[in-house]
Amino acid sequence: MWSSQEAVLVVTARMIPRLVRHPVWRARRPDDGAGQGVLLVPGFGFGDWSLRPLRAWLAARGYRPRGTRTGLNLGCTASLVQRIERRVDELAQVTGRRVIVVGQSRGGWLARIAAVRRPDLVRGLVMLAAPVLDPLGVHARGVEFARTLVRASAWGVPGLLDADCLDGDCYRTNRALLRTPLPRRVPAVSVFSRRDTVVPWSLCQDPYADCVEVHSTHTGMGLDPDVYVVLDELLTRWSADPRPTPHSLR
């Protein structure tokens, strides 16, 4: 059986040729981004490397994309959200603009929590295949993997999920934040696919976001040309209205 990383490599090898042949990849407009900061938050078990094609595409269009530097996104939910907030703050200070945050899978709902907590720093939010309605409602293999990490954490392995993240105060606090309405000043889009066999598409139906359907697999969401078409329109519009951060108004 393939590991999740091996599966992503297979999907990448299959999808990159289709992506680079698509007009959305070839049409380069370096002035579109105008220096707009974009933070990319990877999925559960994946690092910043998993969103490198998206990062390259954004950079070629004049955006300032950055990764979260959160390793494989396996750690405690509260700790990861705090690290994402720090990265958003750093990027906002560098650019003088509120930051667009794009998160895939677990990265999407972590980004949503960060946006609820720090709307002053977030220009817009895009969630790709993110189970915002119930993070534990994903495929049983994903939940079992999470419980395996909890057991390893209890044995003393650092940097993994704690039991508190699955059914303790950490879980309850962040579940409440996921149910909190997104501030009106933070426009949000949730991208979902009925072909997703990891996250049921119904769990992506955030009532406070515009929900957009594509025909992608779960792991292929960051390489699907249809997703890039959605991002192209959204990010161009959002970056044209930068909205300064509190830092730049001091």
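When reading the values below, keep in mind they use all heavy atoms of this one structure, side chains included, and skip hydrogens, waters and symmetry mates. Every value quoted in this text rests on a predicted model; they were computed, and no experiment measured them.
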**Message:** Looking at Arg52, I want to see if its CZ is surrounded by more than 12 non-hydrogen atoms of other residues, nucleotides or ligands under 6.0 Å.
**Reply:** no

**Item:** Closest non-hydrogen atom pair, Ala115 against Val186
**Value:** CB-CG1, 4.3 Å

**Asked** Okay, side chain of Gln104, backbone of His218: is any donor-acceptor separation there less than 3.5 Å?
**Response** yes

**Asked** Does Val229 share a hydrophobic cluster with Leu128, counting links as ILVMFWY side-chain heavy atoms below 4.5 Å and allowing steps through other members?
**Response** yes

**Message:** Return the CG to CG distance between Asp32 and Asp232, rounded to the nearest 0.5 Å.
**Reply:** 6.5 Å

**Complete:** Taking every heavy atom of Val88 against every heavy atom of Val99, the minimum-distance pair comes out as O-CG2, 3.6 Å

**Prompt:** Considering residues at least two apart in sequence or located in another chain, which fulfil the side chain to side chain donor-acceptor pair (under 3.5 Å) criterion with Arg55?
**Reply:** none

**Asked** What is the distance from atom CG of Leu125 to atom CH2 of Trp238, rounded to the nearest 0.5 Å?
**Response** 7.0 Å

**Prompt:** Any side-chain heavy atom of Pro187 sitting closer than 4.5 Å to one from Leu182?
**Reply:** no

**Item:** Distance, nearest 0.5 Å, that separates CG of Leu235 from CG of Leu58
**Value:** 6.0 Å

**Message:** Grouping I, L, V, M, F, W and Y whenever their side-chain heavy atoms are under 4.5 Å apart, do Phe192 and Val102 come out in a common cluster?
**Reply:** no

**Message:** Salt bridge check, Asp120 against Arg185: does any charged N sit closer than 4.0 Å to a carboxylate O?
**Reply:** no

**Prompt:** In terms of ring plane angle, is the pair Tyr228 and Trp25 parallel, tilted or perpendicular, where the classes change at 30° and 60°?
**Reply:** tilted

**Item:** Arg123/Asp241 under salt bridge (charged side-chain N to carboxylate O under 4.0 Å, His left out): CA gap, chis, key distance, verdict
**Value:** CA-CA 9 Å; Arg123 173 62 184 90; Asp241 178 13; 3.5 Å; yes

**Request:** Could you name each residue pair satisfying side chain to side chain donor-acceptor pair (under 3.5 Å) that touches residues 200-210, not counting sequence neighbours?
**Result:** Arg112-Asp206

**Message:** Can a donor-acceptor pair be found, under 3.5 Å and without considering hydrogens, that links the side chain of Thr95 to the backbone of Leu91?
**Reply:** yes

**Item:** Closest non-hydrogen atom pair, Arg87 against Leu39
**Value:** CB-CD1, 4.0 Å

**Message:** One pair to check against side chain to side chain contact (heavy atoms under 4.5 Å, CB included): Asp224 and Arg18. What are the steps and the verdict?
**Reply:** CA-CA 8 Å; Asp224 193 292; Arg18 176 171 172 249; 3.9 Å; yes

**Message:** Under a plain distance cut-off of 3.5 Å, with no hydrogens placed, do Arg64 and Gln36 share a side-chain donor-acceptor pair?
**Reply:** no

**Item:** Chi angles and distances behind the side chain to side chain contact (heavy atoms under 4.5 Å, CB included) call for Val126, Leu234
**Value:** CA-CA 9 Å; Val126 182; Leu234 281 177; 4.1 Å; yes

**Request:** Measure from the side-chain N and O atoms of Asp48 to the backbone N and O of Pro42, and report whether any donor-acceptor pair falls under 3.5 Å.
**Result:** no

**Prompt:** Does Ser193 reach the main-chain N or O of Arg195 with its side chain, forming a donor-acceptor pair under 3.5 Å?
**Reply:** yes

**Message:** Checking the side chain of Arg97 only, and the main-chain atoms of Ser239 only, is there a donor and an acceptor separated by less than 3.5 Å?
**Reply:** yes

**Message:** Side chains of Thr77 and Arg106 only: does a donor on one sit below 3.5 Å from an acceptor on the other?
**Reply:** yes

**Request:** Dump the intermediate steps for side chain to side chain contact (heavy atoms under 4.5 Å, CB included) on Leu40 and Thr68, then the final yes or no.
**Result:** CA-CA 7 Å; Leu40 304 178; Thr68 57; over 6 Å; no

**Prompt:** About how many Å separate CG of Leu178 and CH2 of Trp109, when rounded to the nearest 0.5 Å?
**Reply:** 6.5 Å

**Request:** Take Thr217 and Thr197 through the side chain to side chain contact (heavy atoms under 4.5 Å, CB included) test and state the conclusion after the steps.
**Result:** CA-CA 7 Å; Thr217 63; Thr197 59; over 6 Å; no

**Asked** Backbone N or O of Cys170 within a donor-acceptor pair of the Asn174 side chain at under 3.5 Å?
**Response** yes

**Item:** Note: Arg237-Glu233 ion pair, threshold 4.0 Å (strictly below)
**Value:** yes

**Asked** Should Arg61 and Thr236 count as side-chain neighbours, where that means a heavy-atom distance under 4.5 Å?
**Response** no

**Prompt:** Which value, rounded to the nearest 0.5 Å, describes the distance between Arg118 atom CZ and Arg98 atom CZ?
**Reply:** 10.5 Å

**Complete:** Correct closest heavy-atom pair for Ser105 and Pro131 would be O-CD, 4.1 Å

**Message:** I'd like to know if Asp89 and Arg86 make a salt bridge, using a cut-off of under 4.0 Å between side-chain N and carboxylate O.
**Reply:** no

**Prompt:** Sequence neighbours excluded, which residues qualify as salt bridge (charged side-chain N to carboxylate O under 4.0 Å, His left out) partners of Arg83?
**Reply:** none

**Between OG1 on residue Thr180 and CZ on residue Arg117, distance to nearest 0.5 Å** = 11.0 Å

**Request:** Decide yes or no for Trp57 and Val24: does some side-chain heavy atom of the first lie under 4.5 Å from some side-chain heavy atom of the second?
**Result:** yes

**Complete:** Heavy-atom nearest pair, Ala92 first then Leu121, reads CB-CD2, 4.1 Å

**Message:** Which heavy atom of Ser190 sits nearest to which heavy atom of Cys204, and what is that distance?
**Reply:** OG-O, 2.6 Å

**Asked** Same hydrophobic cluster for Val94 and Val101, using side-chain heavy-atom links shorter than 4.5 Å among ILVMFWY?
**Response** no

